[in-house]
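Read the structure below first, then the notes.
Both counts, for ligands and for their atoms, begin at 1 and track the order of listing.
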Amino acid sequence: MKIAVIGSGYVGLVSGACLADFGHEVTCVDKDEGKITKLQNGEMPIFEPGLADLVANNVDAGRLSFSTDLPSSIQGAKAIFIGVGTPSRRGDGYADLSYVYSVASEIAASLNEPAVIVTKSTVPVGTGDEVERIIRESGTTSKFSVVSNPEFLREGAAIGDFKRPDRIVIGVEDEFGKQVMGEVYRPLFLNQSPIHFTSRRSAELIKYGANAFLATKITFINEMADLCERAGGNVQEVARGIGLDNRIGPKFLNAGPGYGGSCFPKDTMALLKTAEDYGSPLQLIEAVVKVNESRKRAMGRKVIDIMGGAEAARGKKVALLGLTFKPNTDDMRDSPALAVAQALTDAGVELVAFDPEGMENAQPMMPHVTMSNSPYAAITGADAIVLITEWDEFRALDLERVKELARESVMVDLRNVYDPAEMRAAGFTYVSIGR
Ligand code: UGA
């Protein structure tokens, strides 16, 4: 099937490459000429494990191409995916739908064959109705259907998530849309991946509901971690004990510095706004957002405390290991590292950092932080080490070398990577989360 994917950012590019790998003929479209030229030359605009190879293989096979020309790219396409960004609108937290709507208008202006327009961007409930209205009012005479097909890709594991999904959610209002979407995902159908056909509005709510629930789960265990610290418990053992209950499940119960990234913070905010507009406030999610925000900065205070308080910390040097919001990505959006670094900078602490992939994106966002070329370079002369992101290469640091290079053997492990007893035995002053 011929498919066009509009928006070659994270969602569009991963979806386009995976759909091509299913055997479809896919054109990924973006307005950004620089990005399209790069992609045509085989350069990836983002870091995602496996993506460069997947793109190269499908380009070589003639199934995947890139273009800045939307009108020609949608000619003959039976499915047209919208995968443009829906960032938080400046000032009010609503999802900014201007890109989605302008793409809908552009599609409408060139639509002259039957096609299904599929919203993959994360959009508030009711957006599909508006996209349908825009296309209908453009006066197109082509048959079309507007479908919601939210993505559940995790950065760093996106290709696996696309190809072996827990479920595919398709919000559709008519037979034509249902039949075309069945064809798009036929390879997964054969794999017996559950396909959940539902109404368009339900599909839109499922996406926000899933992210808000996961954000709640993380926030719950983070608060339990605080209680463990005060009451004397080990949050990892508590989480295991809770998660073994099948009704709860073990995933997303890792306590840490608070969730970040391009999705949870913005999607929880947007959901709150939608809920307010419908006169049905989500008080639980309001609390989650508030707790998570204050937690990130509180992690900076945790570092200052272990250094002996604000007086003692001023002028000291701290090494930050890991800056991205999670490992295997170069994404810095809403990373807890930003709040931790800000709190420490505000307290007059000098910061040196290392991250395997995130430093280029991080530097403009944290101009006061000196970037290093290895974890050991960052640690050299440090009065404390803060492990913020659990990249694999931080899991087995040479602790003897760390002790020699650092001025003080102090580690704040915000991801519970190391064993407290072993760290103490190795001579470290060590704190972690909820243990
Ligand atoms: C999230 C969802 O997991 C995806 O299903 C969804 O498709 C995506 O948002 C989206 O809406 O596009 P992502 O933001 O890539 O994916 O990352 P996650 O792996 O979910 O992690 C989010 C944050 O939660 C990270 O900062 C991570 O460190 C934190 N986290 C996660 C914890 O602190 N503890 C956990 O147990 C799990």
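- Residues lining ligand 1 at a heavy-atom distance below 4.0 Å are given as Glu151, Phe152, Leu153, Arg154, Glu155, Lys207, Asn211, Ile218, Phe252, Leu253, Asn254, Tyr259, Gly260, Cys263, Phe264, Asp267, Phe325, Lys326, Arg415, ordered by chain and residue number.
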For Leu405 and Arg401, what are the C-alpha separation, side-chain angles and deciding distance, and is it a side chain to side chain contact (heavy atoms under 4.5 Å, CB included)? CA-CA 6 Å; Leu405 293 175; Arg401 192 168 162 210; 4.0 Å; yes

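- Sorted by first and then second residue, the side chain to side chain donor-acceptor pair (under 3.5 Å) pairs with a member in residues 210-219 read Asn211-Asp267; sequence neighbours excluded.
- With hydrogens and angles disregarded, no donor-acceptor distance shorter than 3.5 Å links the side chain of Arg415 to the backbone of Ser432.
- Ser335 contributes no side-chain N or O that, together with a main-chain N or O of Asp331, makes up a donor-acceptor pair within less than 3.5 Å.
- Among residues two or more places apart in sequence or in another chain, the ring pair (Phe, Tyr, Trp, His ring centres under 6.0 Å) test is passed with Phe264 by Tyr259.
- Contacts of Phe144 classified as ring pair (Phe, Tyr, Trp, His ring centres under 6.0 Å), with partners at least two apart in sequence or in another chain: none.
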